Amino acid sequence: MLLWVILLVLAPVSGQFARIHKSIIFLQPPWTTVFQGERVNLICKGFRFYSSQKTKWYYRYRGKEISRETQKNTLEVQESGEYRCEAQGSPLSSPVYLDFSSASLILQAPLSVFEGDSVVLRCQAKAKVTLNTTIYKNDNVLAFLNRRTDFHIPHASLKDNGAYRCTGYKETCCPVSSNTVKIQVQESFTRPVLRVSSFQPISGSPVTLTCETWLSLERSDVPLQFCFFRNDQMLGSGWSLSRKFQITAMWSKDSGSYWCKAATMDYSITSNSLRSWIQVQIPASHPVLTLSPEKALNFEGTKVTLHCETQEDSLRTLYRFYHDGVPLRHKSVRCEKGASISFSLTTEHSGNYYCTADNGHGAKPSEAVSLSVTVPVSRPVLTLSSAEDLISEGAKVTLHCEAQRGSLPIMYQFHHEDAALGNRSAHSARGVSISFSLTAEHSGNYYCTANNGFGPQHSEAVSLSVTVPVSRPVLTLSSAEALTFEGATVTLYCEVQRGSPRILYQFYHEDVPLGSNSTPSVGKVSFSFSLTAGHSGNYYCTADNGFGPRRSEAVSLFVTVPVSRPILTLRVPRAQAVVGDLLELRCEALRGSPPIMYWFYHEDVTLGSSSVPSGGEASFNLSLTAEHSGNYSCEANNGLVAQHSDTISLSVIEHSGIYSCEADNGLEAQRSEMVTLKVAVPVSRPVLTLRAPRAQVAVGDLLELHCEALRGSPLILYRFYHEDVTLGNSSALSGGAFFNLSLTAEHSGNYCCEADNGLGAQRSETVTLYITGLTANRSGPVATGVTGGLLSLAGLATGALLLYCWLSRKAGREPASDLCRSPSDSDSQEPTYHNVPAWEELQPVYSNVNPRGENVVYSEVRIIREKKKHAVASDPRHLRNKVSPIIYSEVKVASTPASRSLVLASSAPHR
């Protein structure tokens, strides 16, 4: 209770009540970091403290805030987080953060540290930590505590600011470090400020000095004492508990530099205020204003000096000069009795002048002095204005004459071609005016004079001309060429029959200005330009001499533009043109006057033509066949020039050619570039051929499979299948593909092949292969029976084959392989040599043939003669175009099953 009584006594001295705004939290024990499980008491103190007052507490941790209220000002806590309190009659306190640490070593420090405090830093350890303690400041070793826990700072100052931590050792392993504590030493009270009741007191008046400072809220119980100084000399009896010092009367000798000092009772902390200058003032007397030279003529241009002076001396007096109550300028003079200003007279300087003197105790005015300046009149300015927009006959015109400078009154006189019109006297600076209605005789030069007793001044002459509006202009067109072709030079003429000069002509194309020209007399002007396509349209002109533009009748102009080189575009329904696709040829000339005639060409042969009356593009459709390969182009003509397009090449596998288009609008044809188009042909159904070294195939024989599509755009991919299982694949530009197979017992069965060039795969007829066991005697009843059966079928097959060949030749087509050739034609065939026994053996060739994809499908077996020569075998692929005797043939229609069987008999080969 005694403590708060002391605070109430000292508070007015230190001025702390002016700054108490918040509640304050004190800690017991005073540490902000403690071990988990320990407890800390929070004590909330406010401005009006009562031990039984209710206190509100606020706790925040990880974004959540909890509030509670206690009957007293104490709260016991054991959880980490931010705490604030609000005591009755005081606002909310600043936050205090407590850390209940689970670390094995902590460094404890007080919540706040002030200058002069005795500070204890305590290094606390849990079990299994040896306190061979080292204290660090800003990561530099500060002291070795050995087994002590406390580090003392006896008298804290700003040099003790920094980050502190301590270290120890665990018994089992390694060193440990505590948390870091930041020490920020605060001032117990602010730097004092000297307050003075008056810095410029009047001589003999009292002055009060006040030394103001503010204690920190946490140190509000610290008493302070004060001392006051003038020019480093202590005032009064020296140190005192009062913050005020009274000077009963200030005289001129008391002017000087004043300051104060505040200190704690033990003088451990002192602080000085800034110095303030106090100047004792002596009141000034009424000044006297004088004008020199006193008898100077008051003409404009004369230099005049105004001098203001007081009778009393003063260290600093402020003089001001006034002209008709308006400040002119001011001059501050120290240790002088007066101030002066000088200026050259103008007409504005006429009026009353006075001055004031002020040394800080109020301005004292002088008596007024009158000054009148006579200014000769300046050269007047004559201006002319009309009630109408234009000065035309009958319009009302006003002449105004005004001199910018000159003493009043001024006499003005108006003149027309040296004839006086009238005069006016002006008693203001606005000048005078006269008005009259215009007639034809009013054209001519006007001027005025001004005179205020120093002689007349003449104005510049102003010319007045009564204008006549222009008549409606006429626009005519002239071309240097017979036709208005693009590039021709055209001249436009615009003319009026009457109107006052000067006349401004303006030419327009579709309301867009082209150019302008003016003429000083009635007549016509011209405008020339080179024609472009954009110059077609309506033209007119306007004439204006100040009464508003008059517009001519419109004249139409049509510019004929030669056709540009057309662009040919080929459009097909897919990336690669295919026989049967619809080809669209589009030809377009981007420039050219309509109508335009377009021609389409293939290899310079006209395909067709089309006329476009309004310009644009034309098209031509064509259903593609193989003969449509080649180069295309088009031509455009509108009568001026013909243009040919670029050539576009269209390729079909069997043919080639040139296509083009042509556009024409009756002037001259233009041909497009040639365009080449390529048409891809889908593959036909391939033919599979099996070749073996003997009539009767056996395990171990080498079987050659040959697959060939007779039609189709390259590149063609061939795939070989046995019982729908892929054997392999190969690509070929022409002539088909081969695949070799060393036969085993599992190779009996159905074989087929497939051809694909990207436009759709086609599969061959199926060929069935039977493999029998190879015996020593190759003749027998089975072979004889099979051979007999084959020969009995040969008659029927031969008749069907002859009928098919006759129909094919009559249609003008030749089969891909000459199926109608007689077996006797094989006599001219060259033999094929293999490394086989010395006897000659006929080799069978098996194939299902459908040469052109018709409904007729037939199978055939051919015999290839082989002889043992020099053990050199020819390429089996050379045999595909050689004709061999047909020993078996079967004719079927396409509707029968795709699978065809071929049985190889076990008979002895033909010799």
Side-chain angles (χ1 to χ4, degrees), residues 3 6-7 10 14-16 19-35 38 40-46 77 80-85 93-101 103 105-124 133-145 148-167 177-192 213-224 262-271:
L3 173 62
I6 296 174
L7 290 176
L10 295 180
S14 62
Q16 65 172 333
R19 296 185 65 250
I20 293 182
H21 301 290
K22 297 191 296 186
S23 303
I24 304 173
I25 295 179
F26 295 90
L27 305 180
Q28 188 178 6
W31 318 117
T32 58
T33 303
V34 296
F35 285 118
E38 295 182 352
V40 175
N41 287 324
L42 306 181
I43 303 171
C44 186
K45 293 183 179 181
V77 298
S80 298
E82 181 183 282
Y83 292 88
R84 293 183 296 170
C85 74
S93 70
S94 298
V96 174
Y97 187 83
L98 298 182
D99 182 16
F100 289 86
S101 176
L105 182 66
I106 63 174
L107 180 62
Q108 296 176 319
L111 178 62
S112 301
V113 177
F114 291 88
E115 284 184 304
D117 285 358
S118 178
V119 181
V120 176
L121 301 180
R122 180 165 294 172
C123 191
Q124 294 281 70
T133 311
T134 302
I135 292 291
Y136 292 85
K137 176 185 177 184
N138 298 331
D139 292 330
N140 296 319
V141 176
L142 183 61
F144 297 99
L145 300 182
R148 292 183 290 116
T149 60
D150 293 350
F151 176 76
H152 293 270
I153 301 175
H155 192 273
S157 62
L158 296 180
K159 64 181 179 59
D160 297 313
N161 291 340
Y164 294 81
R165 63 182 177 89
C166 66
T167 59
S177 179
S178 72
N179 56 298
T180 299
V181 175
K182 290 187 178 180
I183 300 297
Q184 183 67 42
V185 179
Q186 306 178 49
E187 294 179 338
S188 297
F189 57 90
T190 62
R191 183 176 183 177
T213 185
W214 293 271
L215 286 167
S216 173
L217 298 179
E218 290 87 345
R219 292 293 184 269
S220 58
D221 56 346
V222 175
L224 299 179
T264 57
M265 298 302 292
D266 59 356
Y267 301 102
S268 60
I269 302 174
T270 62
S271 182

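What you see is a predicted model; the values in this text were computed from it and never measured.
Using modelled atom types and a 3.5 Å distance limit, the side chains of Thr213 and Thr190 yield a donor-acceptor pair.
In this structure a side-chain-to-backbone donor-acceptor pair under 3.5 Å is present from Asn161 to Val185. Here the side chain of Ser178 pairs a donor or acceptor atom with the backbone of Cys166 at under 3.5 angstrom. At distances below 3.5 Å, not a single donor-acceptor pair connects side-chain atoms of Thr33 with backbone N or O atoms of Asp99. Between the side chain of Ser80 and the main chain of Phe100, a donor-acceptor pair closer than 3.5 Å is present.
Interatomic distance, Arg165 CZ to Lys137 NZ, rounded to the nearest 0.5 Å: 14.5 Å. To the nearest 0.5 Å, the span separating CD on Gln184 from CG on Asp160 amounts to 11.0 Å. Taken from OG in Ser118 to NE2 in His155, the straight-line distance is 9.5 Å, to the nearest 0.5 Å. Here the straight-line distance linking atom CG of Leu107 with atom OH of Tyr136 works out to 13.0 Å at 0.5 Å rounding.
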(request) Would you sort out whether Leu145 and Thr134 count as a side-chain contact (heavy atoms from CB on, under 4.5 Å), showing the intermediate values? (result) CA-CA 6 Å; Leu145 300 182; Thr134 302; over 6 Å; no
(request) Kindly indicate, with the supporting measurements, whether the criterion side-chain contact (heavy atoms from CB on, under 4.5 Å) is fulfilled by Tyr164 and Ile153. (result) CA-CA 12 Å; Tyr164 294 81; Ile153 301 175; 4.2 Å; yes
(request) Check step by step if side-chain contact (heavy atoms from CB on, under 4.5 Å) holds for Ile24 and Ser93. (result) CA-CA 5 Å; Ile24 304 173; Ser93 70; 5.9 Å; no
(request) Give the intermediate values and the outcome of side-chain contact (heavy atoms from CB on, under 4.5 Å) for residues Phe189 and Leu224. (result) CA-CA 9 Å; Phe189 57 90; Leu224 299 179; 3.6 Å; yes
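For Leu215 against Val222, the heavy-atom pair with the smallest separation is CD1-O, 3.2 Å. Considering every non-hydrogen atom in both Ile106 and Phe35, the closest pair reads CG1-CZ, 3.6 Å. In terms of heavy atoms, Ser94 sits closest to Ile25 at O-CD1, 4.4 Å. Nearest approach of Leu121 to Ala109, heavy atoms of both residues: CD2-CB, 3.5 Å. The two residues Pro95 and Arg84 come nearest to each other via the heavy atoms CA-CG, 3.5 Å. Across all their heavy atoms, Glu115 and Leu158 have their closest contact at OE2-CG, 4.3 Å.
Under the 4.5 Å side-chain criterion, counting only non-hydrogen atoms from C-beta, Val96 is not in contact with Leu42. By the 4.5 Å heavy-atom criterion applied to side chains, Thr133 and Arg148 are not counted as neighbours.
Screening Ile135, Val119, Val120 against Phe151 for a side-chain contact (heavy atoms from CB on, under 4.5 Å) leaves a single residue, Ile135.
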